[in-house]
Amino acid sequence: MFSKEEAKQIRQQFWHKLENRTRRLPGQKGKKIKWIFDETGIKGLDLRFDINRERAIVALEINHRSEERRLQLYEKLEACKGIFENEFGGPLAWDYLYTKDEGREVCRVYEELAPADLYQEEQWPVVMKFMIDRMIRLEKAFLEVKDFLLHDELGQ
């Protein structure tokens, strides 16, 4: 087991190394990737990295406060599932009632790598490769369907 401070340092080191690894990608010229994350342009829809002691996840997460709005966005996304997964390059997990570790319910479309343990540094190269590759794909797929998801967003 790690102390609280040791665990914090390991988490910080992981995220720092992941950021540095993105600087070495083709076309980056030493600059870190500017991920979309929560700047999707759609309220309550974010792209996320998640890793714990069991798995690593790259996800599109619908976390709007209103359950009705969450489900509306999820249904719209699910309506273009074929386009989304085709652009992503493979099937994804679709979960309209995903419970996060802290107990909060969201809708998620994601891919996970398991087993993957944040605290096992020897796993980091594989985990980071997975996370970077899948986030690039997820952003590409999201951008392909973003206009459809935004349609009628102004009225919401």
Side-chain angles (χ1 to χ4, degrees), residues 11 14-29 31-118 120 123-156:
R11 286 191 308 274
F14 175 84
W15 294 113
H16 180 72
K17 284 190 176 205
L18 180 67
E19 179 181 299
N20 283 340
R21 191 158 180 183
T22 67
R23 296 175 192 267
R24 296 191 305 265
L25 295 174
Q28 288 307 113
K29 299 178 183 171
K31 297 178 185 173
K32 69 178 184 172
I33 287 182
K34 175 79 169 105
W35 302 109
I36 294 173
F37 288 140
D38 60 351
E39 296 182 17
T40 61
I42 301 173
K43 184 178 179 176
L45 189 147
D46 304 328
L47 301 178
R48 297 236 185 266
F49 286 130
D50 191 10
I51 184 168
N52 58 28
R53 302 228 49 171
E54 299 163 6
R55 65 191 179 282
I57 293 177
V58 176
L60 181 149
E61 182 177 286
I62 304 169
N63 53 31
H64 199 282
R65 291 181 203 186
S66 162
E67 180 180 19
E68 181 181 344
R69 182 65 182 140
R70 272 197 320 269
L71 294 175
Q72 285 173 346
L73 273 171
Y74 181 83
E75 287 173 2
K76 286 187 83 168
L77 186 61
E78 196 173 39
C80 51
K81 181 177 180 176
I83 296 167
F84 193 83
E85 287 187 342
N86 184 55
E87 197 62 40
F88 180 80
L92 293 157
W94 293 74
D95 193 341
Y96 72 92
L97 192 58
Y98 184 93
T99 304
K100 295 178 73 163
D101 290 341
E102 69 273 9
R104 191 163 160 236
E105 293 178 345
V106 298
C107 300
R108 264 195 176 178
V109 177
Y110 64 97
E111 186 170 2
E112 77 175 42
L113 174 68
D117 186 344
L118 171 64
Q120 299 296 320
Q123 293 181 11
W124 289 4
V126 171
V127 170
M128 289 179 186
K129 182 178 182 190
F130 165 82
M131 292 176 99
I132 291 168
D133 175 66
R134 296 321 190 274
M135 184 57 78
I136 290 170
R137 292 178 186 203
L138 195 64
E139 283 189 349
K140 184 178 177 188
F142 166 72
L143 292 172
E144 185 67 26
V145 301
K146 180 180 178 179
D147 288 342
F148 175 73
L149 296 175
L150 275 170
H151 184 74
D152 92 342
E153 174 76 6
L154 298 176
Q156 297 293 326

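What's counted below: heavy atoms across the whole structure, side chains too, no hydrogens, waters or symmetry copies.
Of the possible polar contacts, one joining the R21 side chain to the P125 backbone as a donor-acceptor pair under 3.5 Å is found. Q123 contributes no side-chain N or O that, together with a main-chain N or O of L118, makes up a donor-acceptor pair within less than 3.5 Å. R104 places a side-chain N or O within 3.5 Å of a backbone atom of N63 that can act as its donor or acceptor partner. Distance alone, capped at 3.5 Å, places no donor-acceptor pair between the R134 side chain and the V58 backbone. Checked by atom type and distance alone, the side chain of D95 pairs as donor or acceptor with a backbone atom of L97 at under 3.5 Å.
Heavy atoms only, all atoms of each residue included: H64 and R70 are closest at O-NH1, 2.9 Å. Summarising the geometry of A116 relative to A56, their closest heavy-atom pair is CB-N, 3.7 Å, with the distance given to 0.1 Å.
Relative to the ring axis of F148, K76 places its NZ or CZ within 45° and under 6.0 Å from the centre.
Here W94 and Y110 keep their ring centres 6.0 angstrom or further from each other. If you look at F84 and F142, their ring centroids are not closer than 6.0 Å.
Residues L60 and D46 have side chains not in contact (no heavy-atom distance under 4.5 Å, counting atoms from C-beta outward). Using a 4.5 Å heavy-atom threshold, the side chains of I57 and Y98 count as touching. Annotation: side chain of Q72 is in contact with side chain of E68 (closest heavy-atom distance under 4.5 Å). A heavy-atom distance below 4.5 Å is not found between the side chains of R65 and R69. For the pair W35 and L47, the minimum side-chain heavy-atom distance is 4.5 Å or more. In this structure, L45 and Y74 have side chains that are not in contact, with every pair of non-hydrogen atoms separated by 4.5 Å or more. Contact of the R23 side chain with the K31 side chain is not registered, since no non-hydrogen atoms from C-beta on lie closer than 4.5 Å.
Tested against F49, the residues F37, F130, F14 include a single ring pair (Phe, Tyr, Trp, His ring centres under 6.0 Å) partner, F37. Each of T22, D133, L18, I51 was scored for a side-chain contact (heavy atoms from CB on, under 4.5 Å) with M128, with one residue passing: L18.
With values rounded to the nearest 0.5 angstrom, Y96 atom OH is found 15.5 Å from L77 atom CG. To the nearest 0.5 Å, the span separating CD on E87 from SG on C80 amounts to 11.5 Å. Atoms CZ and CG, on R53 and D101 in that order, are 13.0 Å from each other to the nearest 0.5 Å. Rounding to the nearest 0.5 Å places OG1 of T40 at 8.0 Å from CG of L150. Going from atom CD of E111 over to atom CZ of F88 covers 4.5 Å, rounded to the nearest 0.5 Å. Taken to the nearest 0.5 Å, the CD1 atom of I62 stands 8.5 Å off from the CG atom of L71.
Using a 4.0 Å cut-off between charged side-chain N and carboxylate O, K100 and E61 make a salt bridge. Salt bridge present: D50 and R108 bring a charged side-chain N and a carboxylate O closer than 4.0 Å.
Looking at D147 and H151, their side chains never bring a donor and an acceptor atom within 3.5 Å of each other.
I83 CD1: 12 or fewer foreign heavy atoms inside a 6.0 Å radius.
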